[in-house]
Amino acid sequence: MQGLESDDRGKLALVCEGGGQRGIFTAGVLDAFMAEGYDPFQLMIGSSAGAQNLSAFTCNAAGYAREMIIDYTTRSNFFRPLDFVRGGDLVDLDWYFEVLAGEHPLDIETGMRRLNGRELLFCSTRARDVQACYFHPREVDWMTGMKASSAIPLFYRAGVHWQGERYQDGGIADAIPVQEAYRRGARTIVVIRTVPQHSKVSLQWAQRLESWIGADRLGEIMQIVRAHERCYSDTQSFIKEPPIDAQVIEIYPSRPLESRVLGSTRSQLEQDYQLGLRCGRYFLYSLGAALLDIPVC
């Protein structure tokens, strides 16, 4: 963790990594922030589960992300491995977002009011050229932006269509959008990770997929896999050695999480949520007050 020496630190940004159900750790960190009313960030960017967590945070919906991950992503309506084996989608993202919009709607009006000129961005990947795109909820329907950020290729094949383009999971092209935060003027960037510090991208999951679905179908997504590998490596380098005028502060689990991207148990998710709560509280105790002194640009 780098120091807080400079008074010329630009915007203060909060960046949230994706990671599917592992986003339960981020939910714990942000619930710790909400419990203390801690929200000094001028810029917030999230990919996939990170975008969903930031939505709950912006709307000041404590406990919302925890409930949606633990109670809903563990249901058979959402996670459908038998359908996947038969050629269908592994996750029913349509059902999940119908629940978000109908049974458990976020208070978007409160979210917009709390933004009050600040930036909230959902990172998604444009399918035709595998390029990162960043949606502000004022420019695209809030739910559409979140869904586009969360549409994992192969697991949810349709993607999300908006203004003539098809979009997929933001983690493909920008899994941890710290460089985008820097490009938008952030010089102090708080990053909530869902893996321990210095973790490297692994393609073992792609190798497992080959054994499940065959090399022919896997070939359809290898461009995506390689794009994710490149962006993740570039991002790790940026975090390790940021520009001289920037500092990156990571909040990360001290051990590999019990939960997985998909298929985690409620018990595993609850353990990782509690770990996130503890890490969030420690951050507030150790650095939270110091960041409040960063001037708003």
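- Salt-bridge annotation for R266 and D71: present, with a side-chain N of the basic residue lying under 4.0 Å from a carboxylate O of the acidic one.
- For the side-chain contact (heavy atoms from CB on, under 4.5 Å) with L14, the qualifying choice from L30, I251, L120 is L30, the only one to do so.
- For T125 (side chain) and D169 (main-chain N/O), a donor-acceptor pair under 3.5 Å exists by modelled atom type.
- In this structure, the side chain of Q42 engages the main chain of P40 through a donor-acceptor pair within 3.5 Å.
- The aromatic rings of Y64 and H104 lie perpendicular to each other, with more than 60° between the two planes, well past the 30° mark.
- Taking the six-membered ring where the residue is Trp, Y285 and Y282 present tilted rings, their angle falling between 30° and 60°.
- Here the closest heavy-atom approach between residue S55 and residue M146 is recorded as OG-SD, 3.1 Å.
- Using a 4.0 Å cut-off between charged side-chain N and carboxylate O, E180 and R184 make a salt bridge.
- When side chains are defined from C-beta on, V195 does not count as touching P256, because their heavy atoms never get closer than 4.5 Å.
- F57 and F33 have perpendicular rings, their planes meeting at more than 60° on a 0 to 90° scale where under 30° would count as parallel.
- Linking Ile, Leu, Val, Met, Phe, Trp and Tyr whenever their side-chain heavy atoms come within less than 4.5 Å puts W142 and Y96 in one cluster.
- Checking D94 against Y156 by side-chain atom types alone, a donor-acceptor pair falls below 3.5 Å.
- Annotation: Y252, atom OH; neighbour count of heavy atoms from other residues, nucleotides and ligands within 6.0 Å does not exceed 12.
- At least one cation-pi condition fails for R126 and Y167: the charged atom is not both under 6.0 angstrom from the six-membered ring centre and inside a 45 degree cone around its axis.
- Across every non-hydrogen atom of R193 and P253, the tightest pair is O-CD, 3.7 Å.
- Side chain of E258 to main chain of D272: no donor-acceptor pair is present (N/O by atom type, distance under 3.5 Å, no hydrogens or angles).
- Shown here for I24 and L269, the closest heavy-atom pair between the two residues is CG1-O, 3.4 Å.
- For the residue pair Y134 and E119, no side-chain donor N or O sits within less than 3.5 Å of a side-chain acceptor on the partner.
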